[in-house]
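Working notes, beginning with the structure itself.
Numbers restart at 1 for each chain; the letters A, B, ... are given by sequence-line order, proteins then strands.
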Amino acid sequence: NAGVMQNPRHLVRRRGQEARLRCSPMKGHSHVYWYRQLPEEGLKFMVYLQKENIIDESGMPKERFSAEFPKEGPSILRIQQVVRGDSAAYFCASSPAGGREQYFGPGTRLTVT
Amino acid sequence: AQSVTQLGSHVSVSEGALVLLRCNYSSSVPPYLFWYVQYPNQGLQLLLKYTTGATLVKGINGFEAEFKKSETSFHLTKPSAHMSDAAEYFCAVSDGVMGYQKVTFGTGTKLQVIP
């Protein structure tokens with residue numbers, strides 16, 4: 001059973017470009033969480049999704065950031081018009097319905113130049 | 001609301017010495033508590049977790065943690081440090097209040113092991 005997959009592992013974007021980060025949860029997991037880790041900081045919750053639904057996006061910046069988890073395919077975290085402050089590691093985690101433990105992917109490290 | 005405080009952003013121990021990483025939490029309901037380890041440029045790996053039951057929890061790589069409700073603590077220990085333990089460790093809490101496991105992480109403790 002493959003773990004949580006994230007791609008790309010490393011992403012470089014120029015200021016103003018769009019970044020798309022993908023997360024494929026573990027098989028059988030229907031819940032996805034996105035976290036951001038800024039340099040020298042812990043992980044901060046961004047958004048929690050179930051299939052086709054955003055349940056909690058209280059940690060998402062109000063502008064430029066969006067997330068989806070379609071019925072088919074991976075969850076996508078999209079950052080429009082990236083700025084240098086968006087440079088961070090973005091981690092995805094998944095859990096089964098009712099699960100008490102989240103399983104983390106290896107992360108995508110976004111660098112904005 | 002829930003929160004986690006990790007005392008000491010950097011801890012250094014000698015190889016073979018006791019490892020003690022401190023974590024205090026705040027939660028409005030009985031919490032679930034976790035310790036994760038992160039090696040450089042990698043994701044998070046679960047070391048151990050407390051949900052209910054026995055308050056002394058054993059994890060991987062010889063680590064263990066004790067849930068102390070009266071002290072709102074969940075400190076991580078290992079009797080004898082190994083060079084491979086050098087990494088960053090995160091304590092985390094979730095309370096299920098929202099109907100799902102929204103996890104709050106501490107700011108992390110970087111463990112250095114000195115030969």
Run A:S30 and A:Q50 through side-chain hydrogen bond (donor to acceptor under 3.5 Å, both in side chains) and show every step you take. CA-CA 6 Å; A:S30 56; A:Q50 296 177 15; over 6 Å; no

Which pair of heavy atoms, one from A:A67 and one from A:I54, lies closest together, and at what distance? O-CD1, 3.5 Å

Does either side chain, that of B:T104 or that of B:Q2, offer a donor lying less than 3.5 Å from an acceptor on the other one? yes

Is the B:Y36 ring parallel, tilted or perpendicular to the B:F105 ring (thresholds 30°, 60°)? tilted

Hey, can you tell me if B:Y50 and B:F74 have their rings parallel, tilted or perpendicular (30° and 60° cut-offs)? tilted

Please check: side-chain N/O of A:R13 versus main-chain N/O of A:E18, any donor-acceptor pairing under 3.5 Å? yes

Could you look at B:Q6 and say if it's the side chain, the backbone, both or neither that has a heavy atom under 4.5 Å from chain A? neither

Please state whether the side chain, the backbone, both or neither of A:Q37 comes within less than 4.5 Å of a heavy atom of chain B. side chain

First locate atom CZ of A:F104, then atom CG of A:L43, and finally report the distance between them rounded to the nearest 0.5 Å. 6.0 Å

In short, B:S94 meets B:F34 closest at the heavy-atom pair OG-CE1, 3.8 Å

Where does A:Y103 contact chain B at under 4.5 Å (heavy atoms): side chain, backbone, both or neither? neither

Looking only at atom types and distance, does a side-chain atom of A:N7 sit under 3.5 Å from a main-chain N or O of A:R22, one as donor and one as acceptor? no

Determine which residues belonging to residues 106-113 of chain A lie within contact range of chain B, meaning some heavy atom pair is under 4.5 Å apart, and list them by number or answer 'none'. A:P106, A:R109

Which residues from residues 53-66 of chain B are near chain A, with near meaning under 4.5 Å between non-hydrogen atoms? none

Is B:S27 reaching over with its side chain to a backbone N or O of B:V29, donor-acceptor style, under 3.5 angstrom? yes

Gap between atom NE2 of A:H29 and atom CD of A:Q102 - 0.5 Å precision: 10.5 Å

Flag the pair B:F67 / B:Y25 as yes when at least one side-chain heavy-atom distance between them is below 4.5 Å, and no otherwise. yes

Can you tell me which residue pairs pass the salt bridge (charged side-chain N to carboxylate O under 4.0 Å, His left out) test with a partner in residues 45-57 of chain B, sequence neighbours excluded? A:E101-B:K49

Are the charged groups of A:R64 and A:D86 less than 4.0 angstrom apart, N to O? yes

Please state whether the rings of A:F45 and A:Y35 are parallel, tilted or perpendicular, taking 30° and 60° as the class boundaries. perpendicular

Give, as side chain, backbone, both or neither, the part of B:L44 having an atom under 4.5 angstrom from any heavy atom of chain A. both

What parts of residues 106-115 of chain B touch chain A if we use heavy atoms and a cut-off under 4.5 Å? B:G106, B:T107, B:K110

